[in-house]
Engineer: 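Next up is a structure, given as structure tokens.
Counting starts at 1 for both ligands and their atoms, in listed order.
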Amino acid sequence: MDVGMRKGVSAALGGYSSVPYENVRSSLKRVCVFCGAYSGARDIYKDATIELGKELVKRGCNLIYGGANVGLMGTISNVVHDGGQKVMGIIPKSLVTIVKKEGGTEPVGEVIEVEDMHQRKAEMERLADAFIALPGGFGTWEELLEQITWVQLGIHRKPVGVLNVNGYYDSLLAFLDGAVQEGFMAPSCRSIIVVAANAHDLMTMLEDRVAHRPRPAPINCASAVVCSENGRPGKRLQCPIRFSK
Ligand SMILES: C/C(=C\CNc1ncnc2c1ncn2[C@@H]1O[C@H](COP(=O)(O)O)[C@@H](O)[C@H]1O)CO
């Protein structure tokens with residue numbers, strides 16, 4: 001493949017379609033992005049989504065996402081598609097009907113229709129090498145927290161990242177710190193989530209996680225914390241995987 005400029009055409013999203021790239025090939029072949037069905041109240045969210053899309057293209061990553069051409073989902077899928085990478089949307093049949101009724105435009109790339117939300121998330125997990133959450137609402141948070149929970153339970157060991165655009169996730173991250181402090185989360189589990197303020201740093205950190213993927217921790221691992229409950233010894237909290245911050 002040529003090294004240089006990739007040409008894509010999308011006047012609607014203006015200006016991102018000529019993507020300069022080096023001959024970088026990511027260890028992450030398929031990245032699943034969770035993001036809003038809306039674009040947010042400020043341009044910064046859409047701009048950051050375009051930047052992430054370009055970063056995926058630059059690194060030769062294909063995209064897995066929610067499969068609707070709306071909001072940030074529409075932006076990321078169009079950028080990656082125009083950049084020449086594969087795009088695969090996974091969407092429950094019931095949502096396809098709703099999106100069509102509301103006049104949603106046809107999504108780019110390949111779309112896989114599944115029976116329900118559970119099958120969608122299972123397929124996303126099966127197909128992706130890593131997960132990234134952009135700003136979004138309930139749908140995005142639910143998808144993000146489920147993947148983190150699956151790592152915590154040892155169901156998979158794929159990296160999970162948050163693109164903290166404009167500090168959008170600061171309050172969630174502070175809430176997680178509070179959960180550690182209050183003894184509901186092991187510090188090692190808090191560290192499952194990889195956070196960065198820009199797409200380049202986030203992708204580098206996720207690739208790094210794969211390169212230095214920790215082994216499952218043995219029972220009674222060093223990462224376990226013993227929390228006190230009213231001055232008495234409490235429960236042992238531990239994560240099956242040990243992460244350093
Ligand atoms: C029902 C309408 C639009 C929503 N359509 C969706 N189509 C596909 N996937 C969706 C949709 N809404 C949510 N998702 C999934 O959740 C995430 C976005 O949810 P959020 O609450 O906006 O953060 C996204 O990652 C999708 O996987 C027509 O109005």
Engineer: Under the criterion side-chain contact (heavy atoms from CB on, under 4.5 Å), I'd like the reasoning laid out for Arg59 against Thr204: C-alpha separation, chi angles, the key distance, then a yes or no.
Structural biologist: CA-CA 10 Å; Arg59 293 173 190 247; Thr204 303; 3.1 Å; yes
Engineer: Evaluate the side-chain proximity of Glu207 to Ser26: yes if any heavy-atom separation is below 4.5 Å, no if none is.
Structural biologist: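 SC-SC contact between Ser26 and Glu207 confirmed.
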Engineer: Is Asn78 close to Asn69 at the side-chain level, that is, under 4.5 Å between some pair of heavy atoms?
Structural biologist: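 They are in side-chain contact.
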Engineer: Students should find this: residues with any non-hydrogen atom under 4.0 Å from ligand 1. What is the answer?
Structural biologist: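 Ligand 1 is contacted, at a heavy-atom distance under 4.0 Å, by Phe34, Cys35, Gly36, Ala37, Gly66, Ala68, Met73, Ile91, Leu95, Ile98, Val99, Glu102, Arg120, Gly136, Gly137, Phe138, Gly139, Thr140, Glu143.
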Engineer: Would you say Leu127 and Ile90 make side-chain contact, with heavy atoms under 4.5 Å?
Structural biologist: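 Result yes, sub-4.5 Å side-chain heavy-atom pair found.
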Engineer: Run through Glu125, Glu142, Lys158, His156 and flag the one making a side chain to side chain donor-acceptor pair (under 3.5 Å) with Gln147.
Structural biologist: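 Among the candidates, only His156 passes.
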Engineer: Check step by step if side-chain contact (heavy atoms from CB on, under 4.5 Å) holds for Cys35 and Thr49.
Structural biologist: CA-CA 9 Å; Cys35 57; Thr49 303; 5.5 Å; no
